[in-house]
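Encoded as structure tokens, the structure appears first; notes follow it.
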Amino acid sequence: MAKGKDQHGKVDPARRRFLTDTLRTAVGVGLVAMTLGVYQRQARALPATAIRPPGAGDEQAFQAACVRCGLCVRDCPYDTLKLAQLGDEVALGTPYFHARDIPCEMCDDIPCVKACPTGALDPALTEINAARMGLAVVVDQEACIAFQGLRCEVCFNVCPVRGKAITLNYQHNDRSGKHALFIPVVHSKDCTGCGKCEKSCILEEAAIKVFPLALAKGMLGKHYRLGWEQKADAGKALVTPDAPHQYNLPEGMRYEHGGKGLVPEQQPGQQGVPPFSDNPLDTLNRKGGL
């Protein structure tokens, strides 16, 4: 009698049930493993709205070092950080935050970095202003009211690195012809990516958003050299000497490049004549106006 068969040559029902259950379990485990594998491959790239904690650095290196312990999330005093759950677009169990929900408050002692046991959050980061969590980008000039000539400057004023990460560029308002536009400009060398600008944007949908560095940051070609930087390092022009620029100026005038512009030349012994009197009435009574 063949093994596993009864005396009539039929397969033993118990053995059949055992083989069926074993096959079902193997297929189930295989499907789960395949699903998790596909999910992990999809999660290797950080979504555009997910920002890593300070000191995370390169995404692949961070995911390789992070053990999903959650200690950084536990020690974040502002509930900014959260761990990715199954179904999130972020790698399962890794910490991240959404700037529009709760931005990083830029703690001076950086407790999330201190809590990391593996160095996935770089322990060499001791100055929070040196963090590069992401990069703020003004994504919609049509919606940003600063581009319409209205005063806002909220993103500029809430920036923890105020006056460096975001500055205001004054431009002529062509629409009104007599006012200035206060245009926010983000400087990547100082932006920490904390997200406070995106959180504070007064629009229903923020016109300035923070993205992961790999998504937002451009890069010059490695062969590229900026002539003025090379010249400053060398102390002179490296290609051809700079010829002094010749201005076609009115007689008795000179031009200060990057300074006062067109100014009258002074004769030896002659004191400069200020363009305006110290007395405002002299200016108002001047014939012909200003």
Side-chain angles (χ1 to χ4, degrees), residues 32-76 78-107 110 112-113 115-116 118-122 125 128 130-144 155 158-160 165-166 184 186-188 191-201 203-219:
V32 170
M34 185 174 66
T35 302
L36 288 177
V38 171
Y39 174 76
Q40 282 299 105
R41 281 197 293 274
Q42 289 176 339
R44 283 177 185 170
L46 196 61
T49 57
I51 306 299
R52 292 296 188 192
D58 175 74
E59 178 63 15
Q60 288 193 4
F62 171 74
Q63 287 197 29
C66 178
V67 294
R68 283 69 167 167
C69 64
L71 294 178
C72 56
V73 177
R74 183 200 65 182
D75 284 9
C76 176
Y78 295 98
D79 294 332
T80 299
L81 297 177
K82 54 187 175 182
L83 290 180
Q85 305 295 318
L86 192 62
D88 291 345
E89 296 182 19
V90 182
L92 187 64
T94 58
Y96 73 103
F97 68 96
H98 285 139
R100 190 63 165 171
D101 296 335
I102 308 178
C104 175
E105 291 293 334
M106 304 273 289
C107 304
I110 325 179
C112 53
V113 172
C116 180
T118 64
L121 301 181
D122 188 0
L125 179 66
I128 188 60
R132 294 294 179 267
M133 293 169 270
L135 178 61
V137 180
V138 179
V139 294
D140 193 346
Q141 298 185 10
E142 282 71 28
C144 177
C155 58
V158 301
C159 178
I166 299 179
V186 179
H187 303 275
S188 60
C191 177
T192 64
C194 68
K196 293 176 79 71
C197 54
E198 179 178 345
K199 172 64 177 178
S200 304
C201 181
L203 303 185
E204 186 169 331
E205 182 68 34
I208 184 169
K209 297 184 179 182
V210 175
F211 298 116
L213 280 175
L215 181 63
K217 188 79 173 69
M219 181 183 293

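Excluded from the calculations below are hydrogen atoms, water molecules and symmetry mates; all remaining heavy atoms, backbone and side chain alike, are included.
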Closest heavy-atom contact between Ala84 and Leu92? O-CD1, 3.7 Å
Shortest non-hydrogen contact from Met133 toward Ile51: O-CG2, 3.4 Å
Where the side chain of Arg52 meets the backbone of Pro95, is there a donor-acceptor pair that is under 3.5 Å apart? yes
Smallest heavy-atom separation, Lys82 atom then His98 atom, equals NZ-ND1, 3.5 Å
Would you name the heavy atoms of Ile110 and Pro54 that are closest together and state the gap between them? CG2-CB, 4.2 Å
Distance-only, no hydrogens or angles: does the Asp140 side chain make a donor-acceptor pair with backbone N or O of Glu142 under 3.5 Å? yes
Backbone N/O of Cys72 and side chain of Asp75: donor-acceptor pair under 3.5 Å: no
To the nearest 0.5 Å, how far apart are OG in Ser188 and CE in Met219? 11.0 Å
Have a look at Phe97 and tell me which of Asp79, Ile102, Thr80 forms a side-chain contact (heavy atoms from CB on, under 4.5 Å) with it. Thr80
If you define the side chain from C-beta out and look only at heavy atoms, does anything of Cys201 sit under 4.5 Å from Lys199? no
Please give me the minimum heavy-atom distance between Phe211 and Val137, naming the atom from each residue. CD1-CG2, 4.0 Å
Search all heavy atoms of Pro184 against all heavy atoms of Cys155 and return the closest pair with its distance. CB-SG, 3.8 Å
